[in-house]
Structure formats: C-alpha cells, structure tokens
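The structure appears right after this line, and notes come after that.
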Amino acid sequence: MPITPATATHSSSNGTADAILLELVDEDGVTIGTAEKLTAHQPPGQLHRAFSVFLFDDRGRLLLQQRALGKYHSPGVWSNTCCGHPYPGEAPFAAAARRTYEELGVSPSLLAEAGTVRYNHPDPASGLVEQEYNHLFVGLVQSPLRPDTEEVGDTAFVTPAELAERHARDTFSAWFPTVLDAARPAIRELTGPAGW
C-alpha cells in the first residue's frame, strides 16, 4: 500500500499495520467516537462513516469491482467501483480518492459528491453487519486500470442493461442496490442519456 499522509499514521515503524479504526457517527453523520473495524461490523453493528464511489468511462458505462476472495467481508461478490471507510479525521472525499487509487491503480479524472445514504445491511454469508452513514461520489475514469489483486478479483464496465443481466446472474454486495439508487440522480447528471 502506498504511504500517503492519510495512511502514514496507520502503519507502525516496523511495517506492520496497526488496528484500523473507523469513525463512529450519530444519525446526522456527526462524529461521536471510533471503533476497531471488525468490531464495528459485529452484530448489531455500530453506525460508522463510509463512502461509495461510482466511476464511469467515456461511453457512460459503470465500472464494477468484484471483491477479492481474500477479503474478510463480502469476498467474491460484485459491487460498485470502490467503497470503504475514511480514517478518523480523514475527509470522505480524500478517502474515496485514496482507496480508488489503492484498489484500482487509477485516480479519477473527475470525482464529485453525490449525497449521503444511511443503511443497515446484514451480510448473511459472513454474519457481519453494515451499519453505515455512506458518502456517495460519482466520477470519470480515463486511465487503464491496475487493480491490486489482494483487493480486487475482477472488474467490468457495464451498461444499465448489462448490469441488470449481471445482477440477475451474479452475487452482489448487500449494500449495492441501496447505494446505487441513492446515487442515481448524480449519476444521471454525470452520464446524460446513458440510461441510468
């Protein structure tokens, strides 16, 4: 993982990672504390800050990511371009840009805020719970992808019709329909007549 100002404080001097902390929030998204990442996802889940990114190519196709099989949460499922959690005190926009680069090896050529959504999604396969106050971002990707295979199993650019076919056939993350629906107004503004 590249060392950035945001990640530098989350790695120890001997190269081992410290426990990853998430920012706990209230129903209005106001920070109220921190919790270790896995602890925050144990049932019933603790409400924490998250982000979801939706990137599109110049043809208006959505970039999907299949989560790597080694992920502790929702391995092997398809989801939006990138999602994750800001470090405590890290701006959601900065976290979204950082993780997109860390996971996919690209920096969006455009990244814009697209609102927030609050949800509670248990993951039946892992038993973990996503209690999230999620910051949404939409944007464009114009560079070749260089995915980190420890994070990403596969990628695909899809039209709305191709997404519907894939969604009927493949397993998607529990949160994907919720974040996609919440981001749709901003997606339509970005992609125009692409059908989203």
Exercise for the section: First locate atom OG of Ser126, then atom CD of Gln42, and finally report the distance between them rounded to the nearest 0.5 Å. Expected result: 9.0 Å
Fill in the blank from the handout: By salt bridge (Lys or Arg N to Asp or Glu O under 4.0 Å), Asp154 pairs with (sequence neighbours left out) none
Completion exercise
One should read off an interatomic distance between Thr100 OG1 and Leu145 CG, to the nearest 0.5 angstrom, of 10.5 Å
Exercise for the section: Check whether Phe56 and Val152 end up in the same hydrophobic cluster, where Ile, Leu, Val, Met, Phe, Trp and Tyr are linked by side-chain heavy atoms less than 4.5 Å apart. Expected result: no
Exercise for the section: Indicate yes or no: does Arg61 engage Glu162 in a salt bridge with an N to O separation below 4.0 Å. Expected result: no
Fill in the blank from the handout: Note: Asn120 and Pro122 closest approach over all heavy atoms is O-CD, 3.7 Å
Exercise for the section: Return yes when atom CZ of Arg169 has more than 12 non-hydrogen atoms of other residues, nucleotides or ligands closer than 6.0 Å, and no otherwise. Expected result: yes
Practice task
Measure the shortest side-chain to side-chain distance between Leu104 and Leu63 over non-hydrogen atoms and say whether it is less than 4.5 angstrom.
Solution key: yes
Completion exercise
To the nearest 0.5 Å, atom CD of Glu132 lies from atom SG of Cys83 at 7.5 Å
Handout entry: Arg67 vs Glu151, salt bridge (Lys or Arg N to Asp or Glu O under 4.0 Å): CA-CA, chis, key distance, verdict
Key = CA-CA 6 Å; Arg67 295 166 62 84; Glu151 298 285 346; over 6 Å; no
Handout entry: Distance-minimising heavy-atom pair for Pro43 and Val129
Key = CA-CG2, 3.8 Å
Problem - Non-hydrogen side-chain atoms of Leu55 and Leu140 separated by less than 4.5 Å - result: no
Problem - Under 4.5 Å side-chain linkage, directly or through intermediates, the cluster mates of Val25 - result: Leu47, Tyr133
Handout entry: 4.5 Å side-chain heavy-atom contact, Leu64 and Ser79
Key = no
Exercise for the section: Evaluate the side-chain proximity of Gln65 to Thr81: yes if any heavy-atom separation is below 4.5 Å, no if none is. Expected result: no
Completion exercise
Between Val141 and Ser109, the two heavy atoms sitting closest are N-OG, 4.3 Å
Problem - Leu111 side chain reached by Val53 side chain, heavy atoms, under 4.5 Å - result: yes
Handout entry: Under 3.5 Å donor-acceptor, Asp148 side chain and Glu150 backbone
Key = yes
Fill in the blank from the handout: Pro185 and Ala182 have their tightest heavy-atom pair at CD-O, 3.6 Å
Problem - Contacts of Gln131 that satisfy side-chain hydrogen bond (donor to acceptor under 3.5 Å, both in side chains) - sequence neighbours left out - result: Arg118
Problem - Hydrophobic cluster identity match, Leu62 and Leu110, side-chain contacts under 4.5 Å - result: yes
Practice task
Decide whether Glu130 and Tyr119 meet the rule of one side-chain donor and one side-chain acceptor closer than 3.5 Å.
Solution key: no
Handout entry: Side-chain touch Leu136/Val117, heavy atoms, less than 4.5 angstrom
Key = yes
Fill in the blank from the handout: Between Ala96 and Phe137 the two heavy atoms that sit nearest each other are CB-CD1, 3.8 Å
Completion exercise
Only one of Glu36, Arg49, Gln46, His41 passes side chain to side chain contact (heavy atoms under 4.5 Å, CB included) with Leu22, and that residue is His41
Exercise for the section: Say whether, by atom type as modelled, one donor and one acceptor occur between the side chain of Gln66 and the main chain of Gly76 under 3.5 angstrom. Expected result: yes
Practice task
Quick one: pull up OG in Ser173 and CG in Asp123 and give me the separation to the nearest 0.5 Å.
Solution key: 9.0 Å
Practice task
Just say parallel, tilted or perpendicular for the rings of His85 and His48, cut-offs at 30° and 60°.
Solution key: tilted
Tabulate below the donor-acceptor pairs under 3.5 Å that side-chain atoms of residues 189-196 make, not counting sequence neighbours, or state none.
residue : atom : partner : partner atom : Å
Thr191  : OG1  : Ile187  : O            : 2.9
Trp196  : NE1  : Gly60   : O            : 2.8

Handout entry: Side chain to side chain, Glu23 and Glu90, heavy atoms closer than 4.5 Å
Key = no
Problem - By salt bridge (Lys or Arg N to Asp or Glu O under 4.0 Å) - contacts of Arg166 (at least two apart) - result: Asp170
Fill in the blank from the handout: Only one of Val138, Val179, Leu180 passes side chain to side chain contact (heavy atoms under 4.5 Å, CB included) with Ser52, and that residue is Val179
Handout entry: Joint cluster assignment, Leu128 & Phe51, ILVMFWY side-chain distance < 4.5 Å
Key = no
Exercise for the section: Mark yes or no for whether Glu102, through its side chain, and Arg99, through its backbone, hold a donor-acceptor pair below 3.5 Å. Expected result: no
Handout entry: Residues in ring-ring contact (aromatic ring centres under 6.0 Å, His included) contact with Phe54, at least two apart in sequence or another chain
Key = none
Handout entry: Phe176 vs His167 side-chain heavy atoms within contact, under 4.5 Å
Key = yes
